[in-house]
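A short write-up of the structure that comes next.
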2 protein chains.
Amino acid sequence: MEKFKHFLQAISPITDQEFADTIPFFTQQQLKKGDFFVAQGRICRQVAFVEKGTLRVYYLNAKAEEITSCFCTEDNMTTSYKSFILQEPSDLFIQAIEDTSLLAIEYGNLQKLYTTYPNWQTIGRALVEKEYLNMEKYASVLNNETAKEKYLRLQKEQPNVLLKAPVEHIASYLGVTRRTLSRIRKEIASGI
Amino acid sequence: MEKFKHFLQAISPITDQEFADTIPFFTQQQLKKGDFFVAQGRICRQVAFVEKGTLRVYYLNAKAEEITSCFCTEDNMTTSYKSFILQEPSDLFIQAIEDTSLLAIEYGNLQKLYTTYPNWQTIGRALVEKEYLNMEKYASVLNNETAKEKYLRLQKEQPNVLLKAPVEHIASYLGVTRRTLSRIRKEIASGI
DNA sequence: ACCATTTGGGGACATTTGTCCTTTCCGATT
DNA sequence: AATCGGAAAGGACAAATGTCCCCAAATGGT
């Protein structure tokens with residue numbers, strides 16, 4: 001709970017009383033490794049704060065290959081945003097790659113927060129702005145960084161992912177094949 | 001004005017009265033071909049609705065090459081979002097590539113709308129959500145489409161851009177060199 | 001109308017990445 | 001300890017793209 005409070009505080013000011021009023025709208029959820037938070041084709045009805053653990057966000061491309069778009073780790077929000085915002089079937093799978101604990105809120109309850117607590121209008125907009133900036137950053141990385149640079153960034157920012165995820169997930173996250181990932185790892189090992 | 005009203009209507013309901021109250025907060029601006037809406041290093045103080053014309057959004061990569069991230073055409077909002085949201089210096093240039101007319105609002109005035117008109121809280125959040133979805137779509141295109149597919153999409157969705165922008169802008173938008181763009185055009189011309 | 005300059009097209013070769021396949025490594029099981 | 005199976009590494013060749021050019025066509029200024 002405290003982690004979530006700090007997370008919100010960092011985005012937009014919230015009083016202890018407001019936070020206490022807010023908390024009953026959320027439910028705690030445990031996912032075991034392999035469990036899905038949402039699957040393709042289903043409407044994503046919740047948005048969640050990751051208290052602990054790691055999720056992999058992926059989709060199937062035109063060749064039915066799994067493409068990993070994101071690894072979602074502790075202290076971040078997660079949902080299939082398009083599905084959640086529009087309340088339409090999700091393009092994405094979101095799967096726990098280790099045991100994970102979430103604080104989740106239903107779509108309807110979030111709308112209720114917006115209408116009941118004026119400050120939540122501001123918090124909600126700030127949350128979406130934050131997610132916008134994350135997505136912009138992601139697009140910028142896609143545009144500007146080589147697969148090797150992305151690998152090094154992953155190693156630095158989310159080192160656990162390299163230990164938990166198999167090569168094909170990491171390779172598709174970097175936008176290359178397993179063969180190229182193997183070459184990248186060799187380069188890094190030999191210090192090039 | 002009517003176009004802007006329809007644009008807002010499509011995002012979130014707004015009454016005639018609310019729209020009439022809102023309009024004084026916006027100013028009409030004309031950009032000539034080559035004029036900048038915002039330049040790198042400057043804080044972007046406005047967000048604008050493009051009534052007419054086309055803007056190119058670009059930045060300088062590590063090798064000081066101009067990389068075009070977006071062509072912004074009629075009936076869309078434009079701003080250097082990161083700079084506008086955080087009120088910090090922009091990474092991006094936004095330049096008119098033909099004579100362009102905008103409806104712009106200052107950062108402070110937008111905050112005033114949020115606090116004065118409760119419905120603008122909802123409109124504002126809906127606008128950011130829309131921009132989030134656009135950015136997500138953009139990232140998905142970056143991830144999934146080949147340069148050729150992106151070219152065909154550009155031809156279909158923003159055909160004017162192919163007429164107005166020089167090859168290097170289009171090539172950097174597609175994420176390839178001019179040489180590859182030339183090969184793509186040849187392929188398309190020969191019907192492959 | 002003419003010339004200078006810019007812009008787009010494309011040849012030749014190098015480099016990178018993908019594809020397909022084999023080999024090596026590591027952990028689990030008996 | 002031996003071996004079996006799955007995952008990662010990597011060899012060989014093909015395909016795609018980049019780099020460095022040059023040439024022709026288009027554009028703008030006088």
Side-chain angles (χ1 to χ4, degrees), chain A residues 33-34 54 56 58 60-68 71 95 97-98 141-155 158-192, chain B residues 32-35 54 56 58 60-68 71 95-99 141-155 158-192:
Chain A
K33 178 175 174 174
T54 309
R56 177 171 75 109
Y58 69 95
L60 303 175
N61 70 6
K63 296 175 197 154
E65 299 157 331
E66 290 186 3
I67 308 294
T68 300
F71 293 101
Q95 185 181 29
I97 62 173
E98 61 181 329
V141 166
L142 283 181
N143 248 332
N144 296 307
E145 294 192 357
T146 63
K148 185 176 175 180
E149 287 165 341
K150 283 188 250 180
Y151 184 88
L152 292 170
R153 170 191 294 280
L154 193 60
Q155 197 170 48
Q158 302 181 302
N160 281 339
V161 168
L162 292 184
L163 305 174
K164 306 274 180 188
V167 277
E168 39 270 71
H169 297 172
I170 296 168
S172 77
Y173 176 72
L174 303 178
V176 295
T177 59
R178 297 195 327 194
R179 184 67 190 81
T180 299
L181 175 54
S182 162
R183 286 193 262 243
I184 288 170
R185 283 183 157 166
K186 191 175 180 181
E187 269 192 17
I188 291 171
S190 73
I192 298 175
Chain B
K32 288 222 171 297
K33 177 175 175 176
D35 287 353
T54 309
R56 176 172 76 108
Y58 70 95
L60 303 176
N61 70 6
K63 296 175 199 153
E65 299 157 332
E66 290 186 4
I67 308 293
T68 300
F71 293 103
Q95 184 181 28
I97 63 174
E98 61 181 329
D99 291 358
V141 167
L142 283 181
N143 249 333
N144 296 308
E145 295 192 355
T146 63
K148 186 178 175 181
E149 287 165 342
K150 283 188 251 180
Y151 185 88
L152 292 170
R153 170 191 295 279
L154 193 60
Q155 198 170 46
Q158 303 181 303
N160 280 338
V161 168
L162 292 184
L163 304 174
K164 305 276 178 185
V167 276
E168 38 271 69
H169 297 171
I170 296 168
S172 76
Y173 177 72
L174 302 178
V176 296
T177 59
R178 297 193 330 194
R179 187 66 191 81
T180 300
L181 175 54
S182 162
R183 285 193 262 244
I184 288 170
R185 283 182 158 167
K186 192 176 181 181
E187 269 192 19
I188 291 172
S190 73
I192 298 177

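None of the values given here were measured: they were computed from a predicted structure. Every chain is numbered from 1, with letters handed out A, B, ... down the list of sequences.
Between B/L174 atom CG and D/dT17 atom C1' the separation is 14 Å, expressed in whole Å. Summarising the geometry, the separation between OH on A/Y151 and P on D/dA8 is reported as 11 Å, rounded to the nearest angstrom. The distance between atom NZ of B/K150 and atom P of D/dT17, rounded to the nearest whole Å, is 11 Å. The nearest whole Å value for the distance from the NZ atom in A/K148 to the P atom in C/dT17 is 11 Å.
Taking only side-chain nitrogens and oxygens, A/T177 comes nearer than 4.0 Å to OP1 or OP2 of C/dG18. In terms of phosphate contacts, B/T180 brings no side-chain nitrogen or oxygen within less than 4.0 Å of OP1 or OP2 of D/dT17.
In this structure, B/E149 has no salt bridge (Lys or Arg N to Asp or Glu O under 4.0 Å) partners at least two apart in sequence or on a different chain.
Atom CG of A/L162 sits about 13.5 Å away from atom NE2 of A/H169, to the nearest 0.5 Å. Atom CD1 of A/I97 and atom OG1 of A/T54 lie 5.0 Å apart (nearest 0.5 Å). Distance check, rounded to the nearest 0.5 Å: CD of B/E66 to CD of B/E168 gives 8.5 Å.
Under the side chain to side chain donor-acceptor pair (under 3.5 Å) test applied with A/E98, the options A/K164, A/K33, A/R56 reduce to a single match, A/K164.
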Write down the protein N/O and nucleotide N/O pairs, taken from nucleotides 6-10 of chain C, whose separation is under 3.5 Å; answer none if there are no such pairs.
| from | atom 1 | to | atom 2 | distance (Å) |
| --- | --- | --- | --- | --- |
| C/dG8 | OP1 | B/V167 | N | 2.9 |
| C/dG8 | OP2 | B/V167 | N | 3.3 |
| C/dG8 | OP2 | B/E168 | OE1 | 3.0 |
| C/dG9 | OP2 | B/R185 | NH1 | 3.3 |

Step by step, would you call B/E145 with B/K150 a salt bridge (charged side-chain N to carboxylate O under 4.0 Å, His left out)? CA-CA 6 Å; B/E145 295 192 355; B/K150 283 188 251 180; over 6 Å; no

